Peer 1: 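Here it is: the structure, laid out below.
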Number of protein chains: 2
Amino acid sequence: MPRGRVDKRQAILQAAFKTFAREGYGQSCVREIAAEAGVAKPTIYNHLGDKETLFREAMRAAAGRTVGQGLAALDQLRDVQNDVRAGLEDAGHRLLLHHCDEESQALRRLLHAEAARFPELLELIQQESARHLHDALADRLARLALSGLLRTNDPDLAAEQFLALLTGPMELRSRLGTRKVPDAELRAVGRSAVDTFLCAYAPGSVDA
Amino acid sequence: MPRGRVDKRQAILQAAFKTFAREGYGQSCVREIAAEAGVAKPTIYNHLGDKETLFREAMRAAAGRTVGQGLAALDQLRDVQNDVRAGLEDAGHRLLLHHCDEESQALRRLLHAEAARFPELLELIQQESARHLHDALADRLARLALSGLLRTNDPDLAAEQFLALLTGPMELRSRLGTRKVPDAELRAVGRSAVDTFLCAYAPGSVDA
DNA sequence: ACACTTTTGAACCGGACGGTTCATTTATCG
DNA sequence: CGATAAATGAACCGTCCGGTTCAAAAGTGT
């Protein structure tokens, strides 16, 4: 058990998030977090003065860790030549993987559960994470629409509905995150989502 | 302040749910619930022996209260003559109202937050509530398909996607339930959902 | 080797909470 | 009215938790 000034802070934040995710905010005690981090209790209060700020910082760190993953899922949507369906299915599958990632799920669950006690976190993370993802997807879809590969004049709505078709069905299928959904089912959900999305947004449809 | 044997039990369960919804399970103390219910603390332990069973029973009661509302939203889908769009929009709007109802939101939030500590509740309520709603909607859609008013051979998938198109966009717009969404926005979401749903499921489309 | 900072363990404090006990009061019912 | 059952308030117990204190130990820079 080494002592001294290693990156205790990061270990603390990581252990804190892990414990909060496992037990919830109110049921987690700082003793347990200290044990999980392999650190003495006063060390926690030295680095972060408070259980509340400990929670906030742990959440912010976890959000920062997970936000890149989500955006990365949209990268191969950038250079779709003509097979829109394949590109959307691939991006959809990656988004679903990100959505089912344990850390991502825990983050959403904690954010949802403690939204009343930490309203600032809600704005900060929700804006920084979900909103970024939404906007990035809307940008990609707008590009595809400009190229004539998609038909929409409201890429924001299109992004909203694509994400809904992807993540909506997961709540039920994963039983709110308590069941691990096999990859084949993920692919099937993604395929169905792309199917109906393209019915509405592929060039050559009937609806405005 | 009347004493004696009135329906204390129901008052307790209602106050318990209200408090749990406001503070979360771990942060709620039985003293506060007793005060909220206008009842002495031992009375709670007489009727329900434990904080955990108090939580369980309060959740079950709230679920029972809210499940009927959800199913009722689908009633006018039973006798749609030919204007499928109007019927779906009406049902969608009612579903959104139910989804945004404070008790319904609190129930989902608590279920989601304490899913790890009360796994049985998750199965019980999720099955009894969301699953019922899903099945009922799938039934209605299957009837419409039989009448030739809809085109699908997988009404379960259609129901899943219709619900996703309705409730998915709400998570962002309501900021996880912390913002009250005006009715006009609800109607707009419902209209958009019906638009793309009908693009995929109206008779006379291209996709299989 | 030296002074300086950080970490550690352990003990400690005040408060809150879950749950119980009990004597007293209140309503219900024959 | 009298007996029975339920509700009350208040005190109580053991426990756990957030947060602090402190002296000793371990690491760091020169």
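Source: prediction; values computed, not measured. Per chain, numbering begins at 1; letters A, B, ... match sequence-line order.
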Peer 1: Can you check nucleotides 10-15 of chain C for protein contacts, nitrogen or oxygen pairs under 3.5 Å, and list what you find?
Peer 2:
none

Peer 1: Between C1' on dG19(C) and OH on Tyr45(B), what's the gap in Å once rounded to a whole number?
Peer 2: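 Going from Tyr45(B) (OH) to dG19(C) (C1'), I get 5 Å.
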Peer 1: Let me know, please, whether Asn46(B) or Gly49(A) comes out on the 5' side of the other along DNA chain D by nearest nucleotide.
Peer 2: Asn46(B)
Peer 1: Please check this pair: side chain of Lys8(A) against backbone of Ala37(A), looking for a donor-acceptor N/O pair closer than 3.5 Å.
Peer 2: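 Judged by distance alone, no pair lies under 3.5 Å.
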Peer 1: Starting from C1' on dA16(C), measure out to NZ on Lys51(B) and report it in whole angstrom.
Peer 2: 11 Å
Peer 1: May I have the distance from His47(A) (atom NE2) to dT6(C) (atom C1'), rounded to whole angstrom?
Peer 2: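 Interatomic distance, NE2 of His47(A) to C1' of dT6(C): 8 Å.
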Peer 1: Hey, is Arg187(A) close enough to Asp183(A) for a salt bridge, meaning N to O under 4.0 Å?
Peer 2: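 The answer is yes: the pair qualifies as a salt bridge.
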Peer 1: With sequence neighbours left out, write down each residue that passes ring-ring contact (aromatic ring centres under 6.0 Å, His included) with His112(A), or none if nothing qualifies.
Peer 2: His112(B)
Peer 1: Ignoring the backbone of Ala40(A), work out which of dG9(C), dG18(D), dG19(D) is nearest its side chain.
Peer 2: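 Of the candidates, dG9(C) comes closest.
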Peer 1: Does anything in residues 116-125 of chain B form a side-chain hydrogen bond (donor to acceptor under 3.5 Å, both in side chains)? List the pairs, not counting sequence neighbours.
Peer 2: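 Output for this query lists Arg175(A)-Glu123(B), Arg56(B)-Glu120(B).
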Peer 1: Quick one: is Thr43(B) getting a side-chain N or O under 4.0 Å of the dT8(D) phosphate, OP1 or OP2?
Peer 2: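 Checking dT8(D) against Thr43(B), a side-chain N or O does come within under 4.0 Å of OP1 or OP2.
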Peer 1: Looking at the side chain of Lys8(B), which of dT8(D), dG19(C), dT8(C) is the nearest nucleotide?
Peer 2: dT8(D)
Peer 1: So, does Thr66(A) use its side chain to make a donor-acceptor pair with the main chain of Ala62(A) at under 3.5 Å?
Peer 2: no
Peer 1: Give a yes or no on whether a salt bridge exists between Glu171(B) and Arg108(A), defined as a side-chain N under 4.0 angstrom from a carboxylate O.
Peer 2: no
Peer 1: Grab the OH-P distance between Tyr25(A) and dG18(D) for me, whole Å please.
Peer 2: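 Computing the Tyr25(A):OH to dG18(D):P distance gives 8 Å.
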